[in-house]
Amino acid sequence: MIRPHSSTEYWTRWRTQAARNRSSRQAMEKRYDPNEVELKWQRIWEEQKSFRAAENGRLPKYYVLEMFPYPSGRIHMGHVRNYSIGDVVARYKRMKGLNVLHPMGWDAFGLPAENAAIERGVHPESWTRENILYMKTQLKRLGFSYDWEREVATCSPDYYRWNQWIFLQLYKRGLAYKKSSAVNWCPSCQTVLANEQVIDGACWRCDSAVAQKELEQWFFRTTAYAEELLRDIDRLEGWPEKVRIMQRNWIGKSIGAEILFPFAGREGGLTIFTTRQDTVYGATFVSLAVEHPLALELARGTPQEQAVEEFVDRIKQTSQSRRGEEGMEKEGVFTGAYCKNPFTGETIPIYLANFVLMEYGTGAVMAVPAHDQRDFEFAKKCGLLIRVVIQPKDRTLAADRMTEAYVDDGVMVESGPFTGLSSGAGKENIAAYLEEKGWGKKDIRFRLRDWGISRQRYWGTPIPILYCARCGVVPVPEADLPVELPRHVPFTGKGGSPLVESRAFLETACARCGGAARRETDTMDTFVDSSWYFLRYVSSDFDQAPFDSKSAAYWMPVDQYIGGVEHAVLHLLYARFFTKALRDLKLVKVDEPFANLLTQGMVCKETYRCGRHDWLLPTDLLGSEQEGWRCPQCDGPVEKGRVEKMSKSKKNIIDPEDLIARYGADTARLFTLFAAPPEKDLEWSDQGVEGAYRFLTRLWRFVSQHGEALAAARSDVPKKDLPAPLRELRRLTHRTIKKVTEDMEERFHFNAAIAAVMELFNAVGQAAREEAAWQEGGGVVRESLKTILVLLYPFVPHLVSELWTEIASEKSLDETGWPAYAEKVIEPERLLIVVQVDGRVRGKITVPGDASGESIEAEALRDSRVTSFLQGRKIQRIVQVPRRLVNIVLEG
RNA sequence: GCGAAAGUGGCGGAAUUGGUAGACGCGCAGGAUUCAGGAUCCUGUGGGCUAACACCCGUGGGGGUUCAAUUCCCCCCUUUCGCACCA
């Protein structure tokens, strides 16, 4: 196969070629045309179905998943980055011999499609389908190695019927239920607004003030899993600490107690929740939320009645978001009613306060002004009693001299039988005492709320519920699924959900009694769709259940999940909730869906801004970098703004399509992977892109210049008697394999991996310029270059595939797999030892690889630069780091 | 306010079981090639002081531990992100 080929022959030819190159380089070389190369390989991969995944029990599996996109119309740089990272992982793991599942799909329900319908009269479905088609060609053009046969689109009835099916299972188990809850309501558009449609408390479309409106809505009982969701965070070792903390905070577990404060002068009492039962002797009043069911009732018949009514009305009108604002002043009103502190026996007043939340705890709190900052401020304002019941260790508090609450732990005082206990012991003892006395009990509360999934929208999954005048709430029988969205509905943007207007959809027969029934017109939150799509991929055409449990048993969990931090809480928490619920339905075995999570940073770019005309496109600017930019509209000075996340409004976006047209997908991928490590923000740089492109061009040129020689070179490298520079090149080659493998494996240090390959390529280039490199037949150069190509394959697969066919005849890239390195080759013959005197580098010596510590020390002491520092000084001791460093420590 | 992450040349970033700080890329400078420009190739490039060597300084600031600190500990500053009346 290999033609005999002497080095002289090669050199003669090389020289003539070089000479010819000088006269007509263009004609000589095949130019690097990324477009041609990339389309060619994309076609080949498609034809050969290279990335199809199939279950194979004999092979270890690897499931790598990137967060699927919303089909907004075009992909953006954030997608390119996210999916490039995922593709590197997928291709790398495949080369390592793992059976890789790498799917892609579409988070296809959502508001923008409905807006397009309202604004431009396009049906949400057509709009979405067209966007999907376009974006799919964009993703294919980037060469991502997806198994497209598993593609899912959540707006397809084949998909959302399983949303409905899961809903019914949850409903059966009481995990889906209905309750009254507030929504944002625009009184002018007569419609419900999503949170993102409320801007500064006003409707985004008509700018009128948004009100709160109570509606009956569907919920998933996420709180049923609160404890497990919290506990299992500890097991998610492959997740960023940041995300784990965010989830913990979101779930917000508080351990405390419920205490009943009986009313004074009437039956019953108020149940409060506290985490500081050790301060109960300092509770000098009780505060209620204005929404508390007893708020008005307690005031009835008292002189306070009118004041309370006014207060409640006023506070309720301020929206939730306003109420949470910083510096919101503590306000309250006395209800006119009293209760008893069961511990002190004192009669204490009941107030309403604007800072007490009905949604948390019981909507009632015992107020301990000395040891809670809010209560302190409130008590100061209303002139209420402040009593110190916890003393810090290092000083003594006096109520009348306090300027703020003391909220830390300490020793209990003035606390009856509990006086003298520490806060910790007090909490335990008081909780026990409560149960003994029947005044209350130990209690745990979560900040986590149940998940409201109802949306008064069209473009989402219809909730499979019927309302029958006779039977009440009736779930749609599984056999009748899917409940499909009616196609023809009016999109006006006014009134309720368009589904309400569709009689064909709305009016139906009761599944139980056959009588007239009405369908639920709410659709599901799109987070429902994305809470289990990773399971659908394992068997995306399965029609007996959401997914085939056997396939899930093979593929789950997702080994590596990759996406933006913006989903750190909601999406990831809901997906965890679904996984646990589906596990309890015996559909899946895993407790957690994502074993490892990588949250990639944002793609940023510098911005330009004019004082009068705001953000400007860099291409519109007048002037220059040196003499300063000027505004094209007013000729005023333009300040080079900060580096910000790419966004249309800041006019600092780069369209991936333009980038690909100019440089190709490989350059786009290489740059995004090289410019920063995946988890950090990436600062876009046009010059950096040029640099990446230049590197690829250099690689291309090297192969076209040396291709023939390399193809003909000996592939069996003679292990012995290599000239020193070639031994060195081999060593670097193997060292690079080791480094890149570690960078890929451990922390996805792709930028460092690429840098190492570039370094190797620089060395190859240098070696190849020497005639000596070809004397042994070019085998070492060939091995090094092949290594470069293989190591680069996950990053720039098109270019590498093309070059590989040029130089490597014997095996395909797929068969070759990820290279191994030999420790023995890496082992250097001579070691470079740094010699320090008193910790400062004073000399460098080289010693044989097997030199003993003593001989290294002796050598170090002989070094002339070192000895000049030893003149007239006494050596105190010598520290040696084997094979690396000698530090000579002097006395004095 | 609480929590987290980060701060290294002109720029993006390397290096952390403590052991040559600045890999790799960009930019810049010089050279080769070219009629010229571009492209390409080669060389240099933290700062100070030098003719050069040498030496000194240097990883946000200050202190500490150590033979040795970008890396570990304490204090402070700055930036970014998340949470923010959760009783």
Side-chain angles (χ1 to χ4, degrees), chain A residues 21-22 25-26 240-246 248-250 252-254 256 272-276 279 287 323-328 330 353-357 359-368 371-375 377-378 407 445-449 565-566 568-569 601-602 642-643 670-671 674-677 679-692 694-695 697-698 701 739 749 751-762 765-766 769 832-844 865 868 876-890:
Chain A
N21 283 354
R22 268 191 287 278
R25 173 154 284 163
Q26 295 275 318
E241 193 54 30
K242 177 193 170 87
V243 175
R244 302 208 290 168
I245 291 168
M246 281 164 78
R248 267 189 212 108
N249 292 343
W250 190 260
K253 182 178 181 176
S254 298
I272 62 96
F273 173 71
T274 182
T275 55
R276 289 301 302 271
T279 64
S287 309
R323 268 202 258 173
E325 267 172 31
E326 189 171 6
M328 189 78 184
K330 306 273 172 293
N354 63 344
F355 58 88
V356 179
L357 307 173
E359 302 87 65
Y360 186 78
T362 59
V365 295
M366 67 174 200
V368 185
H371 305 294
D372 180 287
Q373 188 57 28
R374 293 156 302 184
D375 297 339
E377 286 170 35
F378 193 81
V407 297
R445 295 277 172 163
F446 292 91
R447 209 188 75 118
L448 182 73
R449 314 274 153 82
V565 251
E566 64 273 20
V569 178
M602 299 181 298
R642 305 157 39 116
V643 175
L670 184 67
F671 173 71
F674 178 64
E679 70 281 1
K680 283 181 65 177
D681 285 353
L682 180 152
E683 188 183 331
W684 197 264
S685 150
D686 294 336
Q687 286 167 332
V689 176
E690 283 284 349
R694 201 155 26 197
F695 172 70
T697 314
R698 245 180 15 237
R701 199 179 313 121
K739 164 134 184 70
H749 277 187
N751 56 332
I754 293 166
V757 179
M758 287 176 166
E759 215 174 334
L760 177 59
F761 179 59
N762 290 344
Q766 208 148 47
R769 279 201 298 278
L832 179 75
I833 306 286
V834 172
V835 185
Q836 298 181 332
V837 178
D838 279 334
R840 289 157 171 267
V841 179
R842 297 303 186 188
K844 288 166 192 179
R865 247 180 87 198
S868 68
Q876 189 190 48
R877 64 165 161 147
I878 297 177
V879 181
Q880 196 172 143
V881 180
R883 302 165 67 82
R884 302 200 68 164
L885 170 141
V886 175
N887 187 11
I888 302 161
V889 186
L890 302 176

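In what follows, chains carry the letters A, B, and so on, assigned in the order in which the sequence lines appear, proteins first and then strands, with residues in each chain numbered from 1. Keep in mind that what you see is a predicted model, and the values were worked out from it rather than measured.
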Trainee: Looking for any heavy atom pair under 4.0 Å, which part of the strands does Leu832(A) touch: base, sugar-phosphate only, or nothing?
Mentor: base

Trainee: With no angle test and no hydrogens, is the base of A87(B) tied to the side chain of Arg445(A) by a donor-acceptor pair under 3.5 Å?
Mentor: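 It does not, because no donor-acceptor pair links the side chain of Arg445(A) to the base of A87(B) below 3.5 Å.
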
Trainee: Heavy atoms under 4.0 Å, any strand shown: does Arg374(A) hit a base, just sugar-phosphate, or nothing?
Mentor: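 If one applies the 4.0 Å heavy-atom cut-off, Arg374(A) turns out to touch a base.
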
Trainee: Report yes if a side-chain nitrogen or oxygen of Asn762(A) is closer than 4.0 Å to either non-bridging phosphate oxygen (OP1 or OP2) of G25(B); otherwise report no.
Mentor: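 Yes, Asn762(A) has a side-chain N/O under 4.0 Å of OP1/OP2 on G25(B).
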
Trainee: Output the rounded distance in Å from CZ (Arg769(A)) to P (A32(B)).
Mentor: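 My rounded result for the distance is 17 Å.
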
Trainee: With rounding to the closest Å, how many angstrom separate the P atoms on G61(B) and A69(B)?
Mentor: 15 Å

Trainee: Enter the distance from Arg884(A):CZ to Ile833(A):CD1 here, rounded to the nearest 0.5 Å.
Mentor: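 Here the interatomic distance stands at 9.5 Å.
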
Trainee: Just checking Gln836(A): base, sugar-phosphate only, or nothing, at a heavy-atom cut-off of under 4.0 Å?
Mentor: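 Contact class for Gln836(A): base.
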
Trainee: Please check the phosphate of A39(B) (OP1 and OP2 only) for any side-chain N or O of Arg698(A) closer than 4.0 Å.
Mentor: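 No, outside the criterion.
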
Trainee: Looking at C28(B), which nucleotide sits across from it as a Watson-Crick or G-U wobble partner, both distances under 3.5 angstrom, or is there none?
Mentor: G44(B)

Trainee: Taking only side-chain nitrogens and oxygens of Arg842(A), does any of them come within less than 4.0 Å of OP1 or OP2 of A54(B)?
Mentor: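 No, outside the criterion.
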
Trainee: Which part of the nucleic acid, if any, lies within reach of Gln880(A) when heavy atoms closer than 4.0 Å are counted: base, sugar-phosphate only, or nothing?
Mentor: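 No contact.
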
Trainee: Classify Arg248(A) by what it touches in the nucleic acid, base, sugar-phosphate, or nothing, heavy-atom distance under 4.0 Å.
Mentor: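 If one applies the 4.0 Å heavy-atom cut-off, Arg248(A) turns out to touch nothing in the nucleic acid.
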
Trainee: Could you tell me how far A39(B) sits from A32(B) if I compare only their C1' atoms? Round to whole Å.
Mentor: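 It works out to 14 Å between them.
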
Trainee: Considering every strand shown, what is the Watson-Crick or G-U wobble mate of U78(B) when both distances are under 3.5 Å?
Mentor: A6(B)

Trainee: Measure from the side chain of Lys330(A), starting at C-beta and using heavy atoms only, and say which of C67(B), G27(B), C85(B) lies closest.
Mentor: C85(B)

Trainee: Supply the atom-to-atom distance Lys739(A) NZ to Glu759(A) CD, rounded to the nearest 0.5 angstrom.
Mentor: 9.0 Å

Trainee: Hey, does the side chain of Arg877(A) come within less than 4.0 Å of C67(B)'s phosphate (OP1/OP2), counting only N and O?
Mentor: yes

Trainee: Using the P atom on both, measure U78(B) against G25(B) and round to a whole Å.
Mentor: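 Here U78(B) and G25(B) have their P atoms 37 Å from each other.
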
Trainee: Can you tell if the side chain of Glu679(A) reaches within under 4.5 Å of the side chain of Val565(A), non-hydrogen atoms only?
Mentor: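 Answer no - side chains too far apart.
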
Trainee: Write down the distance separating the C1' atoms in A5(B) and G58(B), rounded off to the nearest Å.
Mentor: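 The answer is 25 Å between these two C1' atoms.
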
Trainee: In whole Å, what separates the C1' atom of G63(B) from that of G13(B)?
Mentor: 30 Å

Trainee: Give the C-alpha distance, both sets of side-chain angles, the deciding distance and a yes or no for ring-ring contact (aromatic ring centres under 6.0 Å, His included) between Phe674(A) and Phe695(A).
Mentor: CA-CA 12 Å; Phe674(A) 178 64; Phe695(A) 172 70; 8.3 Å; no

Trainee: How many whole angstroms separate atom CE of Met602(A) from atom C1' of C81(B)?
Mentor: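 Atom-to-atom, Met602(A) to C81(B), this comes out as 8 Å.
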
Trainee: What's the separation between atom OG in Ser254(A) and atom OH in Tyr360(A), rounded to the nearest 0.5 Å?
Mentor: 3.0 Å

Trainee: Do the side chains of Asp372(A) and Arg374(A) get close enough for a salt bridge, i.e. N-O under 4.0 angstrom?
Mentor: yes

Trainee: Which part of the nucleic acid, if any, lies within contact of Thr274(A), taking any heavy atom under 4.0 Å across all strands shown: a base, the sugar-phosphate backbone alone, or nothing?
Mentor: sugar-phosphate

Trainee: C86(B) base to Arg449(A) side chain: any donor-acceptor pair below 3.5 Å?
Mentor: yes

Trainee: Which whole-number value in Å describes the distance from Gln687(A) CD to G13(B) P?
Mentor: 15 Å

Trainee: If you measure from the P atom in C74(B) to the same atom in G3(B), how many Å do you get, rounded?
Mentor: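 Approximately 14 Å lies between the P atom of C74(B) and that of G3(B).
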
Trainee: Please confirm whether the shortest side-chain N or O distance from Arg244(A) to OP1 or OP2 of A5(B) is below 4.0 Å.
Mentor: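 No, because none of the side-chain N or O atoms of Arg244(A) sits under 4.0 Å from OP1 or OP2 of A5(B).
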
Trainee: With RNA chain B as reference, determine whether Asn887(A) or Gln766(A) sits nearer its 5' end, using the nearest nucleotide of each.
Mentor: Gln766(A)

Trainee: Syn or anti for G18(B), please, going by whether the chi angle lies within 90° of 0.
Mentor: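 For G18(B), whose glycosidic angle is more than 90° from 0, the conformation is anti.
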
Trainee: Hey, could you give me the CZ/CD1 distance between Arg877(A) and Ile888(A), rounded to the nearest 0.5 Å?
Mentor: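 Going from CZ on Arg877(A) over to CD1 on Ile888(A), the span is 13.0 Å.
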
Trainee: For atom P, what is the distance between C26(B) and C75(B), given to the nearest Å?
Mentor: 43 Å

Trainee: Quote, to the nearest angstrom, the C1' distance that separates G31(B) from A21(B).
Mentor: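 Result for the C1' pair: 30 Å, nearest Å.
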
Trainee: Using a cut-off of strictly less than 4.0 Å, decide whether Arg701(A) has a side-chain nitrogen or oxygen near OP1 or OP2 of A39(B).
Mentor: no

Trainee: Hey, is the side chain of Thr697(A) poking within less than 4.0 Å of OP1 or OP2 on U40(B), counting only N and O atoms?
Mentor: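 No, Thr697(A) has no side-chain N/O under 4.0 Å of OP1/OP2 on U40(B).
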
Trainee: Need one value for Val365(A): base, sugar-phosphate or nothing, where a base atom within 4.0 Å counts as base even if backbone is also close, heavy atoms only.
Mentor: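 Base: the residue Val365(A), judged by heavy atoms under 4.0 Å, touches a nucleobase.
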
Trainee: Is there a Watson-Crick or G-U wobble partner for C86(B) with both distances under 3.5 Å, and if so, which one is it?
Mentor: none

Trainee: Within the structure shown, what part of the strands sits under 4.0 Å from Asp375(A) by heavy-atom distance: base, sugar-phosphate, or nothing?
Mentor: nothing

Trainee: Using whole Å, report how far NE2 of His749(A) lies from P of A23(B).
Mentor: 18 Å

Trainee: Taking CZ from Phe355(A) and C1' from A84(B), how many angstroms apart are they, rounded to a whole number?
Mentor: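 Rounded to the whole Å, the gap is 15 Å.
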
Trainee: Report the distance from atom CE of Met366(A) to atom C1' of C86(B), rounded to the nearest whole Å.
Mentor: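 Between C1' of C86(B) and CE of Met366(A): 15 Å.
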
Trainee: Starting from P on A87(B), measure out to CD1 on Ile272(A) and report it in whole angstrom.
Mentor: 12 Å

Trainee: Using a heavy-atom cut-off of 4.0 Å across all strands, would you classify Gly252(A) as base, sugar-phosphate, or nothing?
Mentor: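 Counting heavy atoms under 4.0 Å across all strands, no contact is made by Gly252(A).
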
Trainee: Measure CG/Asn354(A) against P/C86(B) and give the value in whole Å, please.
Mentor: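 Answer to the nearest Å: 13 Å.
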
Trainee: Does some side-chain heavy atom of Gln880(A) sit less than 4.5 Å from a side-chain heavy atom of Val886(A)?
Mentor: yes

Trainee: Can you see whether Phe378(A) has Lys330(A) sitting over its ring - NZ or CZ less than 6.0 Å from the centre and within 45° of the normal?
Mentor: no

Trainee: Counting only side-chain N and O atoms of Arg447(A), is one of them less than 4.0 Å from OP1 or OP2 of A84(B)?
Mentor: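 Answer is yes, contact under 4.0 Å.
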
